[in-house]
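Notes for the one structure printed next.
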Number of protein chains: 2
Amino acid sequence: MSQLSPTAGQAQAIAAELRAQILAGTLPSGARLPSTRGLAAERGVSRGTVTAAYEQLLAEGYLRSRPGARAVVAPGLRAAPPPAADAEPRAPEPLSAYGSRLASAEAVQPPRPALADFRFGDLAAEDFPLLAWKRALLAALPRRPAWVGYGAAEGQPALRAALAAYLWRARGLRCTAEQIVVVNGSQQGIDLCARLALDQGAAAVVEDPGYARARDVFRAAGASLLPVPVDQDGLMTDALPAGGARIVHLTPSHQFPLGGVLPAGRRAALVDWAAKTGAWVLEDDHDSEFRYDIAPIPPLAARPGGARVIYLGTISKTLSPGLRLGYLVPPPELVGPLRAAKRLTDRHAPTLEQEALAALIAGGGYEAHLRRIRRRHAARRAALLAALRAGFGARVRVQGAAAGLHVVVWFAELPAASETGLVTAARAAGVGLYPVGPLYVAAPRPDCAGVVMGYGGLAPERITAGVTRLAEVLAQRPGGRASRASAASMTARSNTPG
Amino acid sequence: MSQLSPTAGQAQAIAAELRAQILAGTLPSGARLPSTRGLAAERGVSRGTVTAAYEQLLAEGYLRSRPGARAVVAPGLRAAPPPAADAEPRAPEPLSAYGSRLASAEAVQPPRPALADFRFGDLAAEDFPLLAWKRALLAALPRRPAWVGYGAAEGQPALRAALAAYLWRARGLRCTAEQIVVVNGSQQGIDLCARLALDQGAAAVVEDPGYARARDVFRAAGASLLPVPVDQDGLMTDALPAGGARIVHLTPSHQFPLGGVLPAGRRAALVDWAAKTGAWVLEDDHDSEFRYDIAPIPPLAARPGGARVIYLGTISKTLSPGLRLGYLVPPPELVGPLRAAKRLTDRHAPTLEQEALAALIAGGGYEAHLRRIRRRHAARRAALLAALRAGFGARVRVQGAAAGLHVVVWFAELPAASETGLVTAARAAGVGLYPVGPLYVAAPRPDCAGVVMGYGGLAPERITAGVTRLAEVLAQRPGGRASRASAASMTARSNTPG
């Protein structure tokens, strides 16, 4: 008890010892305690110290005091004996249905490969705008009344106002600040929408291939998944179910993982379908800030007819996923339920960081940072595409390079069954690749090996070195570069954050 | 699009206009677009600008290009017309069962009273250790690789190590760093435990009276509540159900709201009961840092036999609820499921703030701050008790003053039915009080009006002024100080954070 005085510390030590003796049965119920005078003399402490220890144990219910007599040990104090250290571990208690569905969703993170890890979702630490964020934090910090207490469940007013202005400016999305609900990253946005939309057995539409962690959330919620295939233009809206789905999760600005932009015709079909079936459309706009060909695509939520669209944005790709800040722009009738869910789930997002982000956006620093890292990511992308061309030429097909921070690379000469073997061999050589296989649910996949390669966290030299090494690995594989080696199990799991 | 060059901005403006015309049907499917040359001349922009606008719309799927011919509008682009602004609001779509149970849990926050708000859970902004937190943040900030990327679901290693050492030092709780799961405040700790423990219809034990937001979480999860009465010693363990409960939430170190310390005998009975019935014990240690009589009571989780106890700690009462940091210390077999639930729910708590808190604890600043605010809270408590004695004498009974940051005040001469009227009259006079009524579920309550008075956020002068005003209000009430005025509805809701 570091905060106590030496005397108080002595009293605590005596109380702890007596407590242990009582719990062990050495001092049984009804036993009289030593006199304070006697124990004080025995321990070489003041009588007041022993009295303090007894008072503590009286307050905790270990002792009973009797007027004018010595305290005795209270009745009924011994709990069941603790299990011996080497006893059989007890069978785990059954979890809830949610808990048991969850267990299988736990990812195992392998150690980081040494040369280049193309893990999607990684950002380079040195890209984080340290000075700007420090300034924003230091500006917000002294205004303690704005953030020290409990905040609003839906987020800090300053941040919601800054986001509403930003979304109009940068995404053409006109919403009011009152419509925005700040969440702890897009993962929580998906989870809250799932909780509000899905009862056990309800149907949820997901992209196939698509973002595994959205599927995991829906599955843990007890939903039945309706995977809808994806082509080079994103979700194939013709394949949407006629009805029955409560929610669809999709990435229309830049499909994860294949990179398509949902065309205007499919957008119209999707919002019509949502209006007809009553499903919600969760538009996960995870990386639309980065496009290398045209301007960012206006979101579904900005369309006429987009009344059932819940827009989901994040700063995980632009600033840092460690900050855990994202935002939902739901239709007005969902603001109340989402706010209530957020309040009951964890009250609100951290207030100081919200204030700092509000200052960064409102002061222009956020968009200045975006301009800077867009250039850096463009250089990384150029390095990756050049290295793939140099190392593989026509033997690879690169998909989804027009936007975002990752591409999908298909190895034309390697069969799909060799995908895991490829990833394992690359990892052994210090190159982290992530197979596309686990991102598919039921849709037919190309009959050649494919990997997701994220480049947002790597210096161009690393990217070049990693791809060069990968080309060497493939050249050395038994059976040559068109190896038919297959791997029975697909244990690695692509880390696919949003 | 603030990040674009002027030319790009012009292209975007042209694209936006054409997009709107297409969506409005002014440019129907199949219509040929103006030639780039013609439109450029008409708008006074370069031909390249118009070409860029067309390319954007081609990429978005609004146009179809034909080799050697002008682009035409793509088919099937018009969504259902948006509802007119003044149309009937559409009936809200049905929410999930969780969502519909949630709606009733939404609290309405009344405006803050002017003179003194005795809202429980408030902290004084000036108590926050600004310099120490700034130092901790600035120490963590430059170590970007430690926090910029995704973190571990269970929390930053540095924070878990610091918490394990602190819990041993300050709470006598010996756990390993590996056992700790960092959460976004204790609210999320309760929610995650509820998700893992409770299926729809499962039974959850709560204290009666008790913490309303734990009840709300269990209720929203679809649980049936088993309220167990509380007396001056906390939960009446004799009244625990024989079996069937999956979890019990309680506040054994300082019962909320009545202030009892669960005695050793009941602690033994509780852990025995948990071992026998298989229920989990969620020990909400919300404010044990503040005791004014004896040393803090060692937690249930530190007891032999406490193998089914999940310890829940928070910094919401010691530093700031705005930071949203808390921690669970579950039995080892629950660490994996809690980590998985945390990962799927929102990935992890914010990393930079975790690093800052780790530095604050490890450097001794956290406990130095605790010593400082303990003295301040003791002065606030003394002011409150003195003012209540001066203003009311024997006409009030104060409960639970030995610990924490709130007391319950019973007005002996006011009937229970007048509780809401008392709160309303006090609020009209600028004094915020919170009725105990809403904290009860089914247990019999004292037949006099009672309020929860939090003092952690008020200067002693404010406390004195508030209580003095309250005494005046009561003296002026129709029917005198023993008014029988009753209020039909109890709309105010005590804000009772943990």
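Excluded from the calculations below are hydrogen atoms, water molecules and symmetry mates; all remaining heavy atoms, backbone and side chain alike, are included. Per chain, numbering begins at 1; letters A, B, ... match sequence-line order. Quick caveat, the model's predicted, so the values are computed rather than measured.
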Sort out for me which of [options] touches chain B most, counting heavy-atom pairs under 4.5 Å.
options                               : result
A:Leu370, A:Ile297, A:Leu270          : A:Ile297
A:Glu55, A:Gln354, A:Arg195, A:Arg266 : A:Arg195
A:Ala74, A:Ala341, A:Ala368           : A:Ala341
A:Gly61, A:Gly322, A:Pro263, A:Ala152 : A:Gly322
A:Ala16, A:Gly364, A:Ala97, A:Gly151  : A:Ala97

Tell me which of these, [options], has more heavy-atom pairs under 4.5 Å with chain A than the rest.
options                                : answer
B:Gln200, B:Gln188, B:Arg19, B:Gln56   : B:Gln56
B:Thr351, B:Leu198, B:Leu130           : B:Leu130
B:Ala264, B:Ala221, B:Gly457           : B:Ala264
B:Gly265, B:Ser253, B:Ala124, B:Ala202 : B:Gly265
B:Ala20, B:Ala15, B:Ala59, B:Ala402    : B:Ala59

At a 4.5 Å cut-off on heavy atoms, which part of [X] comes close to chain A: side chain, backbone, both, or neither?
X        : answer
B:Leu138 : side chain
B:Leu334 : side chain
B:Leu58  : neither
B:Ala197 : backbone
B:Ala153 : neither

Nearest 0.5 angstrom please: B:Ser100 OG to A:Asp199 CG, how far?
7.5 Å
CG (A:Leu95) and CZ (B:Arg246) are apart, to the nearest 0.5 Å, by 7.5 Å
For residues [X] and [Y], report the shortest heavy-atom separation together with the two atoms involved.
X        : Y        : answer
B:Gly149 : A:Pro321 : C-CG, 3.8 Å
B:Tyr150 : A:Gly121 : CE1-O, 3.7 Å
B:Pro350 : A:Pro350 : CG-CG, 3.7 Å

Region of A:Ala349 that comes under 4.5 Å of a non-hydrogen atom in chain B
backbone
Please flag which part of A:Leu338 lies under 4.5 Å from any non-hydrogen atom of chain B: side chain, backbone, both or neither.
neither
Do [X] and [Y] make a side-chain contact, defined as non-hydrogen atoms from C-beta onward lying under 4.5 Å apart?
X        : Y        : answer
A:Gln187 : B:Thr345 : no
A:Val148 : B:Asp127 : no
B:Arg144 : A:Ser320 : no
B:Arg324 : A:Asn184 : no

Evaluate the criterion side-chain contact (heavy atoms from CB on, under 4.5 Å) for residue pair A:Leu352 and B:Glu353; output intermediate values, then yes/no.
CA-CA 10 Å; A:Leu352 177 61; B:Glu353 295 194 332; 4.1 Å; yes
Test side-chain contact (heavy atoms from CB on, under 4.5 Å) on B:Glu60 and A:Arg267; report intermediate values, then the result.
CA-CA 10 Å; B:Glu60 295 180 12; A:Arg267 288 172 188 249; over 6 Å; no
Verify the neighbour count for atom CZ of A:Arg64: are there more than 12 heavy atoms of other residues, nucleotides or ligands below 6.0 Å?
no
